[in-house]
S.K.: 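Quick one: this structure, given as structure tokens, is what I'll be asking you about.
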Amino acid sequence: MNYRKGIGYLSSDKLCVSVANQEIIPPPPSHWTIPYELYKFSLMNYDDCTLVINDRTEIFLKANQGFCTDIVDAPIYSVKIKEDGVQYNWIGAY
């Protein structure tokens, strides 16, 4: 089995409040030619919400349920919360 060696981390810098369907993962630095592809991702939601993962998979989360992936899961390049006003924070590794 091959393992990916990461090069960095990303995260929210405070407790965030969602804007419906707004991308959570920031764009990469302007000199990069590819977007972030997170091999680990964790989000804590403090309200009921629906995540949209990689622009195709919707996952409903009860308040305080959270969502997390690691190296054996599909990489994540996009995460959105469908609803307005959801408090959350997140962290990822790329």
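Numbers for residues simply follow the sequence, beginning at 1.
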S.K.: So Tyr36 and Pro29, do their side chains get closer than 4.5 Å, heavy atoms only?
M.R.: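 Of all side-chain heavy-atom pairs linking Tyr36 with Pro29, at least one is under 4.5 Å.
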S.K.: On a heavy-atom basis, which atom in Arg56 and which in Val52 lie closest, and how many Å separate them?
M.R.: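 Result for this residue pair: N-CG1, 4.2 Å.
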S.K.: Charged N to carboxylate O below 4.0 Å: is that the case for Lys62 and Asp48?
M.R.: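 The answer is yes: the pair qualifies as a salt bridge.
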S.K.: Indicate whether any N or O donor in one side chain lies under 3.5 Å from an N or O acceptor in the other, for Glu83 and Thr50.
M.R.: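 Side-chain D/A pair, Glu83 to Thr50: present.
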S.K.: State which residue, out of Ile91, Ile24, Leu38, fulfils the side-chain contact (heavy atoms from CB on, under 4.5 Å) condition with Leu10.
M.R.: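 Checked Ile91, Ile24, Leu38 against Leu10; only one passes side-chain contact (heavy atoms from CB on, under 4.5 Å): Leu38.
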S.K.: Would you say the side-chain atoms of Asp70 pair up with the backbone N or O of Lys40, donor to acceptor, closer than 3.5 Å?
M.R.: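 Flag not set: sc Asp70 to bb Lys40 has no pair under 3.5 Å.
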S.K.: With rounding to the nearest 0.5 Å, note down the distance linking CG in Leu15 to CD in Gln87.
M.R.: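 If we round to the nearest 0.5 Å, Leu15:CG and Gln87:CD are 4.5 Å apart.
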S.K.: Using the rule that two of Ile, Leu, Val, Met, Phe, Trp, Tyr join whenever any of their side-chain heavy atoms come within less than 4.5 Å, decide whether Ile25 and Ile34 are in one cluster.
M.R.: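 Different clusters.
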S.K.: Does the side chain of Tyr46 come within less than 4.5 Å of Asn89's, by heavy atoms?
M.R.: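 They are in side-chain contact.
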S.K.: Hey, does Tyr39 have a side-chain heavy atom less than 4.5 Å from the side chain of Ile76?
M.R.: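 The answer is no, as the side chains (C-beta and beyond) never meet within the 4.5 Å cut-off.
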S.K.: Check Ile59, Asn45, Val79 against Phe67 for a side-chain contact (heavy atoms from CB on, under 4.5 Å) and give me the one that passes.
M.R.: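 Among Ile59, Asn45, Val79, the one that satisfies the side-chain contact (heavy atoms from CB on, under 4.5 Å) with Phe67 is Ile59.
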S.K.: For the pair Tyr88 (side chain) and Leu43 (backbone), establish whether a donor and an acceptor sit closer than 3.5 Å, ignoring hydrogens and angles.
M.R.: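 Pair absent, no side-chain N/O of Tyr88 close to backbone of Leu43.
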S.K.: Tell me if the centroids of the rings in Trp90 and Tyr9 come within less than 6.0 Å of each other.
M.R.: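 Ring-ring flag for Trp90/Tyr9: false, centres at least 6.0 Å apart.
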S.K.: Answer yes or no: is there a donor N or O on one side and an acceptor on the other, between the side chain of Asn64 and the main chain of Met44, under 3.5 Å?
M.R.: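 Looks like no, no N/O pair under 3.5 Å.
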S.K.: Answer whether the closest heavy-atom distance between the side chains of Cys49 and Lys82 falls below 4.5 Å.
M.R.: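 They are not in contact (no side-chain heavy atoms under 4.5 Å apart), so the answer is no.
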S.K.: Taking all non-hydrogen atoms of both residues into account, name the closest pair between Val17 and Gly85 and its distance.
M.R.: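 Between these two residues, the closest heavy atoms are CG1-CA, 3.6 Å.
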S.K.: Hey, is Asp55 close enough to Lys80 for a salt bridge, meaning N to O under 4.0 Å?
M.R.: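 Between Lys80 and Asp55 there is a salt bridge, with a charged N closer than 4.0 Å to a carboxylate O.
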